[in-house]
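When a ligand or atom number is given, it counts from 1 through the structure's own listing order. Owing to the predicted nature of the structure, the values given are computational and were not obtained by experimental measurement.
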Amino acid sequence: KAPPCTLVIFGAGGDLTKRLLMPALYNLASGGLLDDAVRIIGVDHNANTDEGWRQALSDTMQSFTTDRTSEFHPDHIDPEAWGFIRERLHFRQGDFTAPETFSGLAQALSGNVIFYLAVSARFFGPIVDALGAAGLLKEGAGAFRRVVIEKPFGSDLDSARALNTRILKQGAESQFFRIDHFLGKETVQSILAIRFANGLLGPVWHRDHIDYVEITAAETIGVEARGAFYEPTGALRDMVPNHLFQLLCMVAMEPPKSLDAEDVRDAKARLIQAVRPVSTADAVRGQYTAGTEHGHAVPAYRAEPNVATDSRTETYIALKLAIDNDRWRGVPFYLRTGKRMTDRVTEIALHIKAPVPSPFAGVGAAPDMLRFRIDPEQGLDIAMNAKRPGPRMDLGPVTAAFEYGDFFRETPSVGYETLLYDCMIGDATLFQRADSIEAAWAAVDPVLKASAGADPEAYAAGSDGPAGAEALLARQGHRWLPLD
Ligand code: BG6
């Protein structure tokens, strides 16, 4: 069980709270992982009451049992587990920038507290300032005070640095938990186990054996109702220095000295610091035009709500990264992410170099490949060559594959359970440290600067992305894996 604590959620009426935080708390309660003394206080600027908030959340929780578009769709909501959460919910109306909100909280709170900033990024700095000014971040008498900060953490290197400096005036680094929900995915955490708990893969994990690496996070959804957020953000800021760089760390970091949070985070920070700043020649930005998604006509990005009709925001980005360390020097890491693509696929593929010399040279061996399937399929494929049955020594491609579901019982998860639980027990392993965040922004900063005002390349909704992205890999004779 996690220790007793009060969870204060800023943004109680928001989407994140109802779609992800409540289901995650419910799953933790079902698993018996929450202390009886846990309390949840929701803060929002819109008026509500304890009972009103409880009822609204009960309704959305129930709706998930029929809403197949949600990440969370249990067959039924267990009244006991939901009742446990429901009766611990309390609502406070308050403006996120008004000192009274925080003086009121200071009177109501004692002991362990986690402040969860499920709010628009513009409130991160002001809320942390106000928490500090009200004395709410002072840890005393064995009680902790922690702050969970959602993404995006800054919008470029300068703003991320400024935000780090600002929050670290109010508390210690160990009090801030910068969340990246990709790290809550079991298949992402498992990459470390597969790499470092087995002897099989380590010896080939090196530029002598790896030709190139692809990291893909392709989505079929468009920008949906998030135009106002997405317009000034774009695919690069939304996905790359955070989610894709976390995948990059998992696959490329050196073995950490131990599984302690600081050892793991040191190894990640060193990797990100070794990423050479990406030049614009190694970046391709795209924007979707009208097309079809699973047979339905869908509009262009520029025709989406709250999007400028001449918008230059990218909805797709592909980058070629170089890592300046002994393990990876000379191995290109290709990253791509986009909305409205052919299929929803999050995966990492490592293409293995052909053996030299090989008695099979010239016999048509396909390169072998290791493919970590992260989402929605979850497993690992090893694509290899084998002998085709028959009188001649002909080769044919085969795949050795495992799926997590064949070996492990699936526990219900929206990805935030581990992260919330870890924050309660004070394990920061899966959270981002200031140095890693800044190093990630530094790596993409040249592309961010150069793309302001630049036109992205068009790609049809429902395709694999812009032609320029194929050309980016073709320069070195490489190709993206097809998405479907
Ligand atoms: C979010 C981005 O952080 O991650 C979204 O803001 C994106 O634009 C989402 O759709 C993808 O996460 P997942 O877990 O659905 O792959």
Exercise. Do other residues, nucleotides or ligands put more than 12 heavy atoms under 6.0 Å from the CZ atom of Arg344?
Worked result: yes
Exercise. Does Tyr230 approach ligand 1 within less than 4.0 angstrom via side chain, backbone, both or neither, non-hydrogen atoms only?
Worked result: neither
Exercise. What orientation do Trp82 and Tyr26 show, parallel under 30°, tilted 30 to 60°, or perpendicular over 60°?
Worked result: tilted
Problem set entry | Taking atom 14 (O) of ligand 1 as the reference point, the nearest protein heavy atom with its distance | Lys185 NZ, 2.5 Å
Problem set entry | Numbered atoms and elements of ligand 1 in range of Lys151, under 4.0 angstrom, heavy atoms | 1 (C), 2 (C), 3 (O), 6 (O)
Problem set entry | Partners passing side chain to side chain contact (heavy atoms under 4.5 Å, CB included) against Leu236 (at least two apart in sequence or in another chain) | Val240, Glu314, Ile317, Leu319, Val444, Val447, Leu448
Exercise. Any chance the rings of Phe10 and Phe102 have centres within less than 6.0 Å?
Worked result: yes
Problem set entry | Numbering as shown, the atoms of ligand 1 that approach Lys339 to under 4.0 Å (heavy-atom distance) | 5 (C), 7 (C), 8 (O), 10 (O)
Exercise. Looking at atom 1 (C) of ligand 1, what's its closest protein heavy atom, distance included?
Worked result: His243 NE2, 3.6 Å
Seminar exercise, completed: So the atoms of ligand 1 within less than 4.0 Å of a heavy atom of His181 turn out to be 1 (C), 3 (O), 4 (O), 12 (O), 13 (P), 14 (O)
Seminar exercise, completed: The protein heavy atom nearest to atom 15 (O) of ligand 1 is Arg344 NH2, 3.4 Å
Exercise. When the aromatic ring centroids of His351 and His478 are compared, is their separation below 6.0 Å?
Worked result: no
For this session: Could you tell me whether a side-chain N or O of Glu417 sits under 3.5 Å from a main-chain N or O of Gly415, the two making a donor and an acceptor?
Result: yes
For this session: Could you tell me whether Glu150 approaches ligand 1 through its side chain, its backbone, both or neither, with non-hydrogen atoms closer than 4.0 Å?
Result: neither
Exercise. Would Arg88 count as a cation-pi partner of Phe84, with NZ or CZ less than 6.0 Å from the six-membered ring centre and within 45° of the ring normal?
Worked result: yes
For this session: Report yes if the distance between the aromatic ring centroids of Trp328 and Phe333 is under 6.0 Å, otherwise no.
Result: yes
Exercise. Looking at atom 10 (O) of ligand 1, what's its closest protein heavy atom, distance included?
Worked result: Glu219 OE2, 2.5 Å
Exercise. Among protein heavy atoms, which lies nearest atom 6 (O) of ligand 1, and at what distance?
Worked result: Asp238 OD1, 2.6 Å
Problem set entry | Nearest neighbour in protein (non-hydrogen) for atom 5 (C) of ligand 1 | Arg226 NH1, 3.3 Å
